[in-house]
Amino acid sequence: MPRIAYLVGKGVSHSLSPPVYRAAFAAADIDAHYELLDVDEPDLPLAASALRAPDSLGGNVTMPYKCWATEVADDVDETVRACGAANLLVPGPSGLHAHNTDALAIAELLGTVRERISKGTVLLAGAGGAAAACAWALGRVPPRELIIAARRPEAGRALARSAAESSPSTVISVVELATVDTRTTPVDLVINATPLGMLTEDEDPLPSVAFSPSMLLYDLVYRRSGPTAIQIRAAAGGALVVDGIGHLFQQAMPTFRHLTGQEPPHDVMLAALVEVVGRQPALWSADTTRAPSDAD
Ligand SMILES: NC(=O)c1ccc[n+]([C@@H]2O[C@H](COP(=O)([O-])OP(=O)(O)OC[C@H]3O[C@@H](n4cnc5c(N)ncnc54)[C@H](OP(=O)(O)O)[C@@H]3O)[C@@H](O)[C@H]2O)c1
């Protein structure tokens, strides 16, 4: 019986995921399709039935249903408990299991630069689901200091409380996003977990941050048309960057493992993503603009 993997969300018709998973299933010799379930809220029970059906491998869940995914699941893992949101539902003998592969991907990539973070200061913009995934992941490489910059300080303070559970040794403070000024506080890692940068070329979540070669940027946002303003500034300043496309790629690795129980065909998935986006993902790269022909 051919199997189906899904993407459940709203307005997902431009998702980059289908070609990546289709290429991966073909390379791994798995007889499976990848289908988009673009659903309105009243149709979520139908999506849940599809995910639980015998031919289902499971599914990615994206905006605005990442909280719904935690509620419909029969079992949630540690990342989901810590973040309060899930982006993957996988059927098993005891029902639907919820995972947060954003958190796993961020932890994996932060782990590769642990030395640069663990004695340093992290500036985290945003206090929503992606920021919660970052806070959990930061607990794996606890920095000396974490500054949460939120549009609504009360949301920032709520995130600070859960970040303190993941990183008990870290000094955590909350500031208003619009007032961030890093001239007096040197920052080692900047994380953008707001949507700022997604809509227009010049939208910048942290315009006062001046990037230097000793710094890192992890920006969850991606634009199909090219790097965001903060990614361009970070790369120009010599900082190493993970962009939203790099993050998307990284979270596809644990997602594939959970869906299939197999190791992901990394190179095939990367080639499929590069083909659809037209450029290399930034995965701690200093150049965020590389075209496919520049690939190493
Ligand atoms: N590359 C990937 O694969 C990937 C994966 C996950 C997420 N993302 C991206 O990460 C971003 C955040 O996602 P999320 O799931 O965390 O969303 P979310 O739960 O809605 O949280 C968004 C956060 O950004 C803040 N925010 C929204 N608009 C803002 C604005 N105009 N100015 C200042 N702050 C603003 C929100 O503040 P309020 O609470 O005040 O609204 C909230 O703190 C999205 O752009 C999403 O596409 C990308």
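Both counts, for ligands and for their atoms, begin at 1 and track the order of listing.
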May I ask you to check if ligand 1 and [X] share an N or O to N or O distance below 3.5 Å?
X	answer
Y222	no
A130	yes
V221	no
I245	no

_Atom pair CD1/CZ of I230 and R233 - distance to nearest 0.5 Å_ = 5.5 Å
*Taking the non-hydrogen atoms of A193, is any one of them nearer than 4.0 angstrom to ligand 1?*
yes
*Examine ligand 1 and decide if any of its atoms is less than 4.0 Å from a heavy atom belonging to R152.*
yes
Identify the protein heavy atom lying closest to [atom], giving its residue, its atom name and the separation to 0.1 Å.
atom	result
atom 33 (C) of ligand 1	L177 CD2, 3.5 Å
atom 36 (C) of ligand 1	R151 NH2, 4.3 Å
atom 6 (C) of ligand 1	D102 OD2, 3.5 Å
atom 43 (O) of ligand 1	A127 N, 2.8 Å
atom 19 (O) of ligand 1	G129 N, 2.9 Å

*What part of Q251, side chain, backbone, both or neither, has a heavy atom within less than 4.0 angstrom of ligand 1?*
neither
Which of the atoms in ligand 1, numbered in the order shown and given with their element, are less than 4.0 Å from a heavy-atom of [X]?
X	value
K66	6 (C)
H247	1 (N), 2 (C), 3 (O), 4 (C), 5 (C)
L248	3 (O)
G244	1 (N), 2 (C)

*Taking the six-membered ring for Trp, are H99 and H258 parallel (under 30°), tilted (30 to 60°) or perpendicular (over 60°)?*
parallel
*What class does the angle between the rings of W68 and Y65 fall in, given that below 30° is parallel, 30 to 60° is tilted and above 60° is perpendicular?*
perpendicular
_If I compare all heavy atoms of S56 with all of A50, which pair ends up nearest, and what's the gap?_
CB-O, 3.2 Å
*So which of G128, P195, S17 gets nearest to atom 25 (C) of ligand 1, if we judge by its closest heavy atom?*
P195
*Nearest non-hydrogen atom to atom 11 (C) of ligand 1 belongs to which of L220, L196, T194?*
T194
Side chains of [X] and [Y]: is there a donor and an acceptor less than 3.5 Å apart?
X	Y	answer
T62	N87	no
E78	W136	yes
T255	Q251	yes
Y34	N60	yes

_Stepwise side-chain hydrogen bond (donor to acceptor under 3.5 Å, both in side chains) test for D219 and T228_ = CA-CA 9 Å; D219 186 0; T228 64; 3.0 Å; yes
State plainly whether the residues [X] and [Y] are in salt-bridge range, i.e. N to O under 4.0 Å.
X	Y	answer
E35	R3	no
R144	D188	no
R257	E263	yes

*Would you verify that at least one protein heavy atom lies under 4.0 Å from atom 46 (C) of ligand 1, or report that none does?*
no
